[in-house]
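Below: one structure, written as structure tokens.
Residue numbers begin at 1 in each chain, while the letters A, B, ... track the order of the sequences. No hydrogens, no waters, no symmetry mates; every other heavy atom, side chains included, goes into these values.
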Amino acid sequence: MARRRAPRGTEDLLPDRIPCFEHIFRSCRLVLEGAGYGEIRTPMMEDTSLFVRSLGEVTDVVQKEMFNIQRGDTDLTFRPEGTAPVVRAYLERNLDKQRPFQKFYYMGPMFRFERPQAGRSRQFYQIGIEALGSASPLLDAEVIACAQRCFEAMGLKNFKLHLNSIGDDSDRDRYRVVLKEYMQGLLDERCEDCQGRFERNVFRMLDCKVRGCQPSNKAAPQFLDHLGEESLQRFDATLHALDAMGIPYERDPGIVRGFDYYTHTVFEVRCPDLGARDAICGGGRYDGLIADLDGPDLGAVGFAIGVTPSMLALETQGHPMASPQAPELPIFVAPVGNAQREAAFLLTDRLRQAGLATDTDFENKSLKALFKYGNKRGLKLMLMLGADEQSRGVVKVKDFTSGEEFELADDAELAGALQARLEQS
RNA sequence: GUGGCUAUAGCUCAGUUGGUUAGAGCACUAGAUUGUGGUUCUAGGGGUCGCCGGUUCAAUUCCGGUUAGCCACCCCA
């Protein structure tokens with residue numbers, strides 16, 4: 001039959017799923033605006049070179065996951081993540097010169113050409129924040145606390161913050177040498193993937209999940225032991241602040257992150273109720289990025305929350321917002337005979353103009369069918385308009401919650417009377 | 001990109017050891033209730049059994065391919 005389908009890895013969010021989606025957005029918006037973050041909306045696409053430059057040429061995202069559009073001289077890519085676009089906008093508008101320290105949040109779709117899987121699709125939604133223009137370790141703590149509070153606000157349970165520091169460039173260069181030296185001798189007993197990681201990115205060997213690789217990871221030299229004095233101090237300052245705020249975390253040397261721009265603090269929030277893909281938030285500090293994109297040498301921190309996996313997690317946890325639900329509709333006007341259809345339609349319009357969410361029938365359904373529908377839909381009031389009522393200038397009203405039935409004059413006072421009735425129930 | 005599993009009604013799924021009218025529950029429509037729901041009962045509509053090809057007298061069932069979904073790997077929100 002070859003029915004039309006949405007492109008692979010994309011999905012339609014129908015009205016009954018929107019409440020959950022919105023619930024997540026609203027919860028986060030409240031937390032973030034309360035912490036001084038302002039919303040920013042950047043284009044869904046950017047020059048391809050922006051992502052190549054910011055994420056790093058050899059990263060998986062750049063090498064094989066970019067949705068690319070080329071036409072004439074333009075080479076654009078649907079954004080695979082939100083940080084680089086925000087930094088680009090910050091620099092393009094010269095915000096760094098007006099007031100270098102700025103805090104942004106964004107929410108919207110991101111795109112990666114990946115093989116779809118549980119909690120992973122080719123178009124997915126992220127809520128992210130970027131605090132640009134400060135190297136303060138307290139800011140790292142604030143960003144992490146925001147992530148924590150976003151999840152608390154949306155009512156998620158059983159999530160865990162994993163935290164690590166990967167130092168600055170010189171720390172990493174030093175550690176890379178040490179780690180390579182250590183892994184060199186163990187290469188034979190590592191898995192096939194690790195063989196490749198050794199040259200490409202040794203650090204990734206540390207978060208390998210293959211069982212045979214675990215022992216040699218446990219015994220591996222720790223990054224924390226090779227951080228410079230300064231890096232160590234700033235990490236301690238961040239941890240101290242988190243402790244003081246009562247934000248729970250676990251130090252996890254396996255958190256390495258896939259983009260080149262990360263420095264110092266890196267973290268992930270995971271929810272074990274999900275499958276293998278259990279990360280619901282990832283973030284960290286990226287002190288080199290603003291300079292890399294031809295701006296001043298300023299520090300920055302941020303995170304991105306995955307809306308899709310968050311929704312999945314809320315669903316599996318049975319959160320009330322997560323179950324599909326129809327949009328709220330308190331009032332319905334039922335024409336009792338065909339002669340009353342237009343009158344019912346016009347009454348509906350009058351109530352809508354008075355600010356009452358109202359609907360009416362367009363399918364010539366029987367009164368009984370309309371009552372069934374109304375009951376299922378969770379209506380508060382059913383208005384009946386028949387020949388009798390119309391001739392007497394009234395409407396009959398049935399209150400679904402109490403079951404009682406009464407008449408109201410169909411005049412200028414009607415909307416107000418209905419409103420009062422809704423408020424008391 | 002790699003590997004495994006799956007594909008039957010709008011939804012969740014059963015089923016045919018290959019046999020000619022393919023089933024259930026939910027949902028939908030109508031009636032019991034001559035202008036009234038939430039519980040019942042009855043009836044009805046709805047499926048080229050993912051798509052293409054092969055084996056066979058016969059395929060929804062077996063085989064191959066393909067597409068899509070799911071799960072895992074890589075990587076990541």
Side-chain angles (χ1 to χ4, degrees), chain A residues 1-11 14 16 24 55 58-65 79-83 107-128 147 191-194 196-197 200-201 204 207-210 255-259 268-271 274-283 302-313 324 332 334-340 363-379 381-390 396-401 403-405:
Chain A
M1 72 172 94
R3 295 254 294 275
R4 288 208 171 270
R5 288 171 166 282
R8 184 164 199 200
T10 68
E11 69 172 338
L14 300 181
D16 61 350
I24 291 174
L55 302 180
V58 297
T59 53
D60 275 27
V61 169
V62 167
Q63 285 192 330
K64 43 187 200 194
E65 296 176 4
R79 59 182 184 194
E81 59 100 44
T83 302
M107 32 189 58
M110 305 292 162
F111 307 84
R112 287 183 206 170
F113 197 89
E114 293 186 276
R115 184 126 166 198
Q117 194 191 316
R120 171 200 292 174
S121 43
R122 291 183 172 183
Q123 173 176 337
F124 54 98
Y125 294 83
Q126 284 190 343
I127 299 169
C191 68
E192 207 174 305
D193 288 325
C194 281
R197 290 182 184 122
R200 239 188 67 191
N201 189 347
R204 291 236 147 270
D207 65 359
C208 182
K209 285 157 197 131
V210 175
I255 302 290
V256 180
R257 312 253 70 220
F259 302 147
E268 250 173 52
V269 180
R270 293 180 188 163
C271 181
L274 262 18
R277 218 214 129 279
D278 60 353
I280 50 179
C281 173
F303 69 64
I305 289 173
V307 177
T308 315
S310 297
M311 269 173 84
L312 279 176
F332 197 94
V336 174
N338 277 328
Q340 278 70 47
E363 294 173 286
N364 296 349
K365 288 200 185 199
S366 68
L367 191 59
K368 182 172 175 164
L370 293 178
F371 265 82
K372 273 189 171 169
Y373 168 78
N375 189 59
K376 197 163 302 165
R377 190 65 198 273
L379 292 188
L381 303 175
M382 176 72 89
L383 273 50
M384 285 159 282
L385 192 59
D388 175 47
E389 288 84 358
Q390 202 178 14
K396 193 176 263 186
V397 182
K398 174 115 178 184
D399 186 321
F400 267 88
T401 35
E404 53 185 320
E405 213 168 281

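- A cation-pi arrangement, defined by a distance under 6.0 Å to the six-membered ring centre and an angle within 45 degrees of its axis, is present between A:Arg122 and A:Phe113.
- Residue-to-nucleotide proximity on RNA chain B shows that, of A:Phe113 and A:Asp278, the 5′-proximal contact is made by A:Phe113.
- In this structure B:C73 sits in a base pair with B:G1, meeting the Watson-Crick or G-U test at under 3.5 Å.
- Comparing the same atom, C1', in B:U17 and in B:U61 gives a spacing of 10 Å after rounding to whole Å.
- B:G10 and B:U6: their P atoms are spaced 23 Å apart (whole Å).
- Pairing partner, B:G38: none, since no Watson-Crick or wobble contact has both distances short of 3.5 Å.
- Here the side chain of A:Arg8 is nearest to one of B:G69, B:A77, B:G35, namely B:G69.
- A:Gly128 comes within contact range of no nucleotide atom at all, as no heavy-atom separation falls under 4.0 Å.
- With B:C73, B:U29, B:A32 as the choices, the nucleotide that has an atom nearest any side-chain atom of A:Lys365 turns out to be B:U29.
- In this structure, A:Gly282 reaches the sugar-phosphate backbone alone: every heavy-atom distance under 4.0 Å involves primed, P, OP1 or OP2 atoms, never a base.
- The A:Glu389 side chain lies nearest to B:G35 when the options are B:G35, B:A77, B:G38.
- At the heavy-atom level, A:Tyr373 lies nowhere under 4.0 Å from the strands shown.
- In this structure, the CD atom of A:Glu404 is 15 Å from the C1' atom of B:U36, given to the nearest Å.
- Remark: the separation of the P atoms in B:U39 and B:A27 is 8 Å, to the nearest Å.
- Stacking between A:Phe371 and B:G38 is absent: the ring centroid is not both under 5.5 Å from the six-membered base ring centre and under 30° in plane angle.
- With hydrogens and angles ignored, no donor-acceptor pair closer than 3.5 Å exists between the side chain of A:Gln340 and the base of B:G35.
- Nucleotide B:G47 is matched to nothing when pairs are restricted to Watson-Crick or G-U wobble geometry with both distances under 3.5 angstrom.
- A:Gly119 comes within contact range of at least one nucleobase, with a heavy-atom separation under 4.0 Å.
- A:Glu81 comes within 4.0 angstrom of no nucleic acid atom, judged by non-hydrogen atoms across all strands.
- The nucleotide whose nearest atom lies closest to any side-chain atom of A:Ala118 is, among B:C28, B:C71, B:G35, B:C71.
- Atom CD of A:Gln117 is separated from atom P of B:A77 by 14 Å (rounded to the nearest Å).
- Contacts of A:Met384 with the nucleic acid, taken as non-hydrogen atoms under 4.0 Å apart, include base atoms.
- Between B:U55 and B:G64, the distance separating the two C1' atoms is 11 Å to the nearest Å.
- Looking at the side chain of A:Ser366, the nearest of the listed nucleotides B:A30, B:U36, B:C75 is B:A30.
- Residue A:Glu405 is classed as a base contact, given a heavy-atom separation below 4.0 Å to a base.
- Contacts of A:Thr83 with the nucleic acid, taken as non-hydrogen atoms under 4.0 Å apart, are absent.
- Across all strands shown, A:Gly9 has heavy atoms under 4.0 Å from sugar-phosphate atoms exclusively, and none from any base.
- Here, B:G50 and B:U12 have their P atoms 15 Å apart, quoted to the whole Å.
- B:U60 and B:G53 have their C1' atoms separated by 16 Å, with the value rounded to a whole Å.
- At a threshold of 4.0 angstrom between heavy atoms, the contacts of A:Lys372 are confined to the sugar-phosphate backbone, with no base atom among them.
- Considering only side-chain atoms of A:Lys368, the nucleotide from B:G37, B:C75, B:A27 that sits closest is B:G37.
- Between the side chain of A:Arg115 and the base of B:G3 there is at least one donor-acceptor pair of N/O atoms closer than 3.5 Å.
- Along RNA chain B, the nucleotide closest to A:Gly283 and the one closest to A:Leu274 are compared, and the more 5′ of them pairs with A:Leu274.
- Distance A:Ile255 CD1 to B:A77 P: 10 Å, rounded to the nearest Å.
- Look at the C1' atom in both B:G25 and B:U8: the space between them is 15 Å, to the nearest Å.
- Contacts of A:Lys396 with the nucleic acid, taken as non-hydrogen atoms under 4.0 Å apart, include base atoms.
- Among B:G35, B:G37, B:A77, the nucleotide with an atom closest to any side-chain atom of A:Leu367 is B:G35.
- B:G38 atom P lies 10 Å from atom NZ of A:Lys398, rounded to whole Å.
- Nucleotides B:C49 and B:G23 have their C1' atoms positioned 12 Å apart, rounded to a whole Å.
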